[in-house]
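Written below as structure tokens is the structure these notes are about.
Sequential numbering from 1 along the given sequence is applied to the chain's residues. Everything quoted here is computed from the prediction, not taken from an experiment.
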Amino acid sequence: MNRKFKCTDCGAEFEEPFGTGRPVCPKCGSDNVFRIDEYAGMGRGQGRGLGRGMGKGLGKGMGRGLGRGRF
């Protein structure tokens, strides 16, 4: 199975096998290429990082913190 790419400089579309690292365009030699196959972008996303925000207070007798995180 191969990965499909498109060059942003010359518009060439080409395929590279998995495990070959970052490709360069075989037509113009540019490294300005991006994935165009159906598996592109199917990995782990960025996520939202929704924390609880309920930590301990800062000083003596401060109790719990304000907790600005989202639920």
Discussion item. Once side-chain hydrogen bond (donor to acceptor under 3.5 Å, both in side chains) is applied, do any residues pair with E13, and if so which ones, sequence neighbours excluded?
Written reply: none

Practice prompt. Could you pull out all residues at least two apart from D31 that satisfy side-chain hydrogen bond (donor to acceptor under 3.5 Å, both in side chains)?
Written response: none

Item to complete: Please name the pair of heavy atoms, one in G11 and one in K6, separated by the smallest distance, quoted to 0.1 Å.
Response: O-CE, 3.8 Å

Practice prompt. Please assess F5 against E15 for the test side chain to side chain contact (heavy atoms under 4.5 Å, CB included), listing each intermediate value before the final yes or no.
Written response: CA-CA 6 Å; F5 295 92; E15 294 184 8; over 6 Å; no

Fill in: Contact list for residues 17-29, test side chain to side chain donor-acceptor pair (under 3.5 Å), sequence neighbours left out
R3-T20

Fill in: Euclidean distance, C10 SG relative to N32 CG, rounded to 0.5 Å
10.5 Å

Discussion item. For a quick test of reading the model, state the closest non-hydrogen atom pair linking P23 to F14 and the distance between them.
Written reply: CB-CE1, 4.0 Å

Worksheet item: What's the shortest heavy-atom distance between P17 and N2, and which atoms?
Response: CA-OD1, 3.2 Å

Worksheet entry | Non-hydrogen atoms of D9 and C28 that approach each other most closely | CB-SG, 4.3 Å

